[in-house]
Amino acid sequence: MSNEPDWAVWLEQMEQVLGVTLDDARRDALRVQFTRIATMAQPLMALPLDERLDVAGVYKA
């Protein structure tokens, strides 16, 4: 089973949320780009993090 999102469904949802309409060519181009980005990010996302490591800085005034 793949953990890769269904980009077609995601793009359809984003069109609705953002109130934009994409043509088929633009939708296909975005699907290709999101697939490429996900492929590049895969090794980074697979990197295990130490549980004691903060994932984001906490700043206090």
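Since this is a predicted model, take the numbers as computed values, not measurements.
Taken to the nearest 0.5 Å, the CE atom of Met14 stands 11.5 Å off from the CG atom of Leu22. Interatomic distance, CG of Asp6 versus CD of Glu12, reported as 9.5 Å (0.5 Å rounding).
Residues passing the side-chain contact (heavy atoms from CB on, under 4.5 Å) test with Asp24 are Arg27, sequence neighbours excluded. Asp28 is linked by a side-chain contact (heavy atoms from CB on, under 4.5 Å) to Arg31, counting only residues two or more places apart in sequence or in another chain.
Here the side chains of Leu30 and Trp7 are not in contact, with every heavy-atom distance at 4.5 Å or above.
One hydrophobic cluster holds both Val17 and Trp10 under the rule that ILVMFWY side chains link at heavy-atom gaps under 4.5 Å.
Within a 6.0 Å radius of CD in Gln42, other residues, nucleotides and ligands contribute 12 heavy atoms or fewer.
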